[in-house]
Protein chains: 2
Amino acid sequence: MPRPTKQSPERGSARIRLLEAARDIIRAKGFAATTVDDLCRTAAVTKGAFFHNFGSKDALGIAAAEFWAETTSGFFAAAPYHDPADALERVLAYVAFRKAIIAGDLAEFTCLVGTMAQEVYASAPDIRDACGRSIFGHTATLEADIEAARRDHGITDDWTAESLARYTQAVIQGGFILAKAGNDPALAQESLDHLDRYIRHLFHVAEDDTDEWSH
Amino acid sequence: MPRPTKQSPERGSARIRLLEAARDIIRAKGFAATTVDDLCRTAAVTKGAFFHNFGSKDALGIAAAEFWAETTSGFFAAAPYHDPADALERVLAYVAFRKAIIAGDLAEFTCLVGTMAQEVYASAPDIRDACGRSIFGHTATLEADIEAARRDHGITDDWTAESLARYTQAVIQGGFILAKAGNDPALAQESLDHLDRYIRHLFHVAEDDTDEWSH
DNA sequence: GGATACATACCATACAGTCGGTATATGTCA
DNA sequence: TGACATATACCGACTGTATGGTATGTATCC
């Protein structure tokens, strides 16, 4: 446990390391079951550093949600699913990408803000709202592609891009719950296969005709 | 707070009342943030009664998941969505029923075992597994109708009844997360509209031609 | 020399869990 | 039928500790 020394270039990174620890531990144990000492131990910092950077445990929860929003938006912005010229292909590539990154341990790919929002719904409204902003901020990034795909494909059916973007999130989040409940990541992937089929239906395209991503 | 007296016919109901309190409080605050004292206060029993009926807080968590499985399976077994003679109509009626019971406060209609499984995934595997049994036990009750509908409609596409039953749960659970994150029950209902459309697609039936259940 | 970024010892309390006691029901044997 | 024993279902004061948070000191940077 090489704690950063005073001279170390890592100096000042206590905040980031605590946020990373929060991300990892809360996803596995939940917010309430994660103690400040847990976080300090994992981040290899002291309690003084914790309460210097965050005024309270709840404040860390909010900061963790915001940190999640920042890092994931960077991650998704850099992802290859934006490459296709066709908007619908980008949407389907997003779903395929979400499926592809489901690998390894459950606590590594499940959604921090989905877990927290669910858990602290009534006990910590501030954290819950921060989680909400993260989730709906992410759905908003999908909306433009979905809207463009609607236009390109001349879709006029009575569903909105906003609604489908949210539904996509719901399927992903629900898949995570099943995966956790059944302790099997494949359950999350299975949901995305259905979502892919649904989106193709909405845009009247045949299955598996844009690219290859099933077994 | 009329606590049951020694002579009261309510005698022996402490266990049930604690389980009901657990159901309500955990759905709002999460498992870890719910204290034994919270539960005793709400159930109007003493700590002695709590630890007489449950050996530990974790044991109550498991019992609460099992209680949830029992009561919800009774509730759904008695629900009117089983009435239609046609299997597909029963499946669609299930989705409509799930949408219809979304009313009132969020903590009243969201899923206890979905919330708990997500939260205690790594910190309390026994509780998580009890939640898993409840969730997948419920999906199993849908499977028969889906399978019958597949047969009746001559569907041979490469999805299974089991998989669609699980997907249905994923959509419902995911809808709950969005509803909590956005503090708006309509977000959960919206997901069920998409699910309805998807299922009709899978069975090649037009939208809204079997009954009325929108808005 | 002041602000920032920690470190460390300490504190108050909330928490899960314990333990000795009590009231009631049920069984049993004379 | 009644006395006694046993088991069940609680009651509520107590406890050890874990936990969130604080207070004070110190090194480094600007």
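These values consider heavy atoms only, across backbone and side chains, with no hydrogens, waters or symmetry-generated copies.
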> How long is the line joining CZ of A:Phe50 and P of D:dG20, in whole Å?
Replying inline: 8 Å
>> I want to know whether A:Phe75 and A:Phe97 have ring centres closer than 6.0 Å.
In response: yes
> With respect to the side chain of B:Phe51, which nucleotide from D:dA9, C:dT18, D:dG21 is positioned closest?
Replying inline: C:dT18
> Between D:dC11, D:dG21, C:dC6, which nucleotide gets closest to the side-chain atoms of B:Thr46?
Replying inline: D:dC11
>> If I take atom CG in residue B:Leu18 and atom C1' in nucleotide D:dC10, what distance separates them, rounded to the nearest angstrom?
In response: 12 Å
>> Near DNA chain C, counting only heavy atoms under 4.0 Å, which residues of residues 56-66 of chain B show up?
In response: B:Ser56, B:Lys57
>> Both A:Asp38 and A:Gly48 contact DNA chain D. Which one's nearest nucleotide lies toward the 5' end?
In response: A:Asp38
>> Starting the side chain at C-beta, find the nucleotide from C:dA16, D:dG12, D:dG20 nearest to B:Lys47.
In response: C:dA16
> Is there a donor in the side chain of A:Arg90 and an acceptor in the side chain of A:Tyr94, or the other way round, less than 3.5 Å apart?
Replying inline: no
> Roughly how many Å is it from CG in A:Leu39 to P in D:dA18, rounded to a whole number?
Replying inline: 17 Å
> Taking atom CG of A:Leu178 and atom OH of B:Tyr167, what is their separation to the nearest 0.5 Å?
Replying inline: 11.5 Å
> Distance only, no hydrogens: is a donor on one side chain within 3.5 Å (strictly under) of an acceptor on the other, for A:His138 and A:Ser73?
Replying inline: no
>> In this structure, how many angstroms lie between the P atom of C:dA7 and the CZ atom of A:Arg17, rounded?
In response: 9 Å
>> Between C1' on D:dA9 and CZ on B:Arg15, what's the gap in Å once rounded to a whole number?
In response: 13 Å
> Taking atom P of C:dT8 as reference, at what distance in whole Å does atom CG of A:Asp37 sit?
Replying inline: 14 Å
> Are A:His201 and B:Tyr198 an aromatic pair by the rule of ring centers under 6.0 Å?
Replying inline: no
> Near DNA chain D, which residues from residues 24-33 of chain B have a heavy atom under 4.0 Å away?
Replying inline: none
> Roughly how many Å is it from CZ in B:Arg41 to C1' in D:dG12, rounded to a whole number?
Replying inline: 15 Å
>> Here's one to test your reading of the geometry: is the NZ or CZ of A:Lys57 within 45 degrees of the ring axis of A:Phe51 and under 6.0 Å from its centre?
In response: no
>> Between A:Trp159 and A:Phe203 (judged by ring centroids, cut-off 6.0 Å), do the two rings come close enough to count as a pair?
In response: yes
> Looking at A:His52, does any N or O in its side chain come under 4.0 Å of the phosphate oxygens OP1/OP2 on C:dA5?
Replying inline: yes
> Going by atom types alone, do B:Tyr121 and A:Asn183 pair a side-chain donor with an acceptor below 3.5 Å?
Replying inline: yes
> Looking at A:Thr115, A:Asp38, A:Thr35, A:Thr34, which one forms a side-chain hydrogen bond (donor to acceptor under 3.5 Å, both in side chains) with A:Lys29?
Replying inline: A:Asp38
